[in-house]
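Let me begin by presenting the structure, written as structure tokens, before commenting on it.
Within every chain, numbering begins at 1; the chains are lettered A, B, ... in the order of the sequence lines, protein sequences first and strands thereafter. What you see is a predicted model, and the numbers here were worked out from it, not measured in a lab.
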Protein chains: 2
Amino acid sequence: MRSPDVLRARQSLAPYARPAVAVDLVILTLVEGALHVLLIRRGESPFEGRLALPGGFLRVGDGQEDQGEDLDLAAARELQEETGLASEDVLLEQFATFGRPGRDPRMRVLSVAYYALVRPELALRVRAGGDAAETRWEPVAELDGHSLAFDHGHILQVALARMREKLDTSALAFSLVPERFTIPELRTVFSAVKGEPQDPGNFRRKVKRLVEDGVLEPAPGVRRTASKPAALYRFRAS
Amino acid sequence: MRSPDVLRARQSLAPYARPAVAVDLVILTLVEGALHVLLIRRGESPFEGRLALPGGFLRVGDGQEDQGEDLDLAAARELQEETGLASEDVLLEQFATFGRPGRDPRMRVLSVAYYALVRPELALRVRAGGDAAETRWEPVAELDGHSLAFDHGHILQVALARMREKLDTSALAFSLVPERFTIPELRTVFSAVKGEPQDPGNFRRKVKRLVEDGVLEPAPGVRRTASKPAALYRFRAS
DNA sequence: GCAATAGTGTCTTTAAGACACTATCAT
DNA sequence: ATGATAGTGTCTTAAAGACACTATTGC
């Protein structure tokens with residue numbers, strides 16, 4: 001075996017072959033109380049005709065001066081290209097990088113994966129279904145993991161697992177409701193992400209604590225519903 | 001702006017320039033109750049003479065048939081090369097990927113970062129300080145973030161933040177104590193990672209719950225200490 | 001009026017935090 | 001015996017869960 005020093009020398013002088021690097025997006029929103037993910041029908045091989053996560057290759061410059069775009073910027077650019085949404089309106093967060101050899105049969109490709117949480121009102125604006133590229137919202141719960149192209153089913157599962165971890169300890173949930181939202185709306189998000197219904201009374205108590213702690217604040221107006229109108233709240237950036 | 005379809009076509013036919021991809025390791029252990037990270041004194045430009053995280057380039061094959069090594073395997077290989085430790089004896093987990101343009105002045109380099117948690121008994125075996133490459137354990141608390149090469153100070157901070165998040169909700173802590181450990185030993189891990197002392201009585205209660213829940217089990221023997229010997233426990237893989 | 005759901009209140013259990021106290025070792 | 005620390009017990013508070021109940025709307 002070569003010693004580490006020899007390895008290091010070889011690397012700086014004559015680098016190994018490089019992998020292609022893609023940035024893939026798990027774009028999620030809530031439609032009628034259920035998590036939906038934005039998928040694209042692939043029009044070319046491999047996995048032609050299969051659904052896949054939107055994404056694209058990282059732009060790398062051609063030298064020391066121009067080294068290309070940041071990963072977060074690449075994710076924002078892809079989001080814009082695929083949905084027309086600006087990254088300021090969406091929670092966009094890197095969560096893992098996937099690189100198993102063979103995951104793309106053509107060549108070695110690493111995928112730096114981001115999840116993007118889109119408010120329901122913005123999700124409506126996404127050109128879905130009408131495009132040539134055939135972009136569409138698919139309900140996460142009804143997806144067969146094996147139906148997605150590449151390892152995208154796995155990537156989706158990892159994204160969901162991470163979101164479940166962070167749901168209670170971050171501001172993540174507030175990115176899946178309108179900017180001004182009701183407590184029941186927020187409860188729907190928790191129910192959908194956790195996959196089990198949340199008790200209305202207990203959930204309300206939890207949200208009320210957030211208000212007392214200054215995380216949320218009451219917002220003017222009410223939301224008209226099928227029954228009793230509900231009070232509005234908003235997230236305090238502070 | 002080019003349409004997405006045109007972009008996709010260009011990419012598959014003539015891929016953009018590719019970044020170099022490194023796998024860097026935040027190798028941590030506990031020495032005398034304090035978190036220590038394994039660092040290497042760089043012997044070459046850039047950042048010659050500065051301390052850096054150990055790591056190396058991902059091995060990518062040269063075609064469709066040989067696509068090279070998996071990311072996890074690359075991390076395990078680097079760990080073995082730098083410390084002599086086998087990945088089975090260490091908790092090795094990817095936590096983020098860093099790719100800011102300019103982070104390496106020579107060229108565009110992505111770094112897929114892993115943390116590696118090493119039991120104190122194994123840490124002693126690591127050839128530290130005696131090598132030509134000058135590998136050494138540095139106390140995390142005393143490190144000036146700006147003293148590390150590249151963005152490695154930042155990478156270290158992200159690793160620690162992630163560990164703090166997962167400490168209470170994963171088996172992470174059990175990888176920083178001997179396979180058979182005492183409650184005070186485990187408490188030291190929590191104190192070091194959280195950065196604040198843990199109450200002995202309350203902490204013991206928490207561990208006892210883990211025993212009742214079958215996460216831990218009593219182990220034979222006792223640990224002799226400077227005072228009263230302590231009972232041993234072990235993590236139940238199950 | 002009635003269905004639906006926003007919103008309130010209560011009781012119980014669990015866990016965290018503060019902290020006093022006892023037990024058992026090495027020296 | 002004494003210092004150190006393993007280990008126990010108690011009191012308080014915060015939060016989760018189960019669940020009964022009231023209030024206000026659209027229809």
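Residue B:Arg187 is in sugar-phosphate contact alone, with no base atom involved, counting any heavy-atom pair closer than 4.0 Å across all strands shown. At a threshold of 4.0 angstrom between heavy atoms, the contacts of B:Thr225 are confined to the sugar-phosphate backbone, with no base atom among them.
With rounding to whole Å, B:Asp199 atom CG is found 12 Å from D:dT8 atom C1'. When the P atom of D:dA6 is taken as reference, atom CZ of B:Phe181 falls 14 Å away, rounded to whole Å. Spacing between atom CZ of A:Phe203 and atom C1' of C:dT8 amounts to 17 Å, rounded to whole angstrom units. A straight line from CG of B:Leu232 to C1' of D:dG7 spans 15 Å, rounded to a whole angstrom. Rounded to a whole Å, the NZ atom of B:Lys206 is 7 Å from the P atom of C:dG17. In this structure, B:Leu210 atom CG and C:dT14 atom C1' are separated by 14 Å, rounded to whole Å. In this structure, A:Glu196 atom CD and D:dA18 atom C1' are separated by 14 Å, rounded to whole Å. Going from atom NZ of A:Lys228 over to atom P of C:dT5 covers 13 Å, rounded to whole Å.
Each of A:Ala226 and A:Gly201 was assigned the nucleotide of DNA chain D with the nearest heavy atom; the assignment lying further toward the 5' end belongs to A:Gly201. Two residues, A:Ser227 and B:Gln198, neighbour DNA chain C, and the one matched to the more 5' nucleotide by heavy-atom proximity is A:Ser227.
Interface remark: the B:Asn202 side chain does form a donor-acceptor pair with the C:dA18 base, using a distance-only criterion of under 3.5 Å. Residue A:Arg205 places no side-chain atom within donor-acceptor reach of the base of C:dG7, judged by atom type and a 3.5 Å distance cut-off alone.
Put simply, B:Lys208 has a side-chain N or O that comes within less than 4.0 Å of OP1 or OP2 on D:dT8. Listed pair B:Arg204 / D:dG9 fails the phosphate criterion, with no side-chain N or O lying under 4.0 Å from OP1 or OP2. Taking only side-chain nitrogens and oxygens, B:Arg209 comes nearer than 4.0 Å to OP1 or OP2 of C:dA16. Contact between the side-chain N/O atoms of B:Arg224 and the OP1/OP2 oxygens of C:dA26 is found at a separation under 4.0 Å.
Side-chain contact between A:Asp24 and A:Tyr114 is absent, with no heavy-atom pair separated by less than 4.5 Å.
Classification of the A:Phe181-A:Phe174 ring pair by plane angle, with boundaries at 30° and 60°, yields parallel.
Which of D:dA6, D:dA16, C:dA6 sits closest to the side chain of B:Ala230 comes down to D:dA6.
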Using the side-chain contact (heavy atoms from CB on, under 4.5 Å) rule, take A:Glu93 and A:Lys166 through it: C-alpha gap first, then chi angles, then the decisive distance, then the call.
CA-CA 12 Å; A:Glu93 211 164 82; A:Lys166 296 193 68 172; 3.0 Å; yes
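Separating the CG atom in A:Leu110 from the OG1 atom in B:Thr97 is a distance of 8.0 Å, to the nearest 0.5 Å. With rounding to the nearest 0.5 Å, the separation of CD in B:Glu138 from CD1 in B:Ile40 is 12.5 Å.
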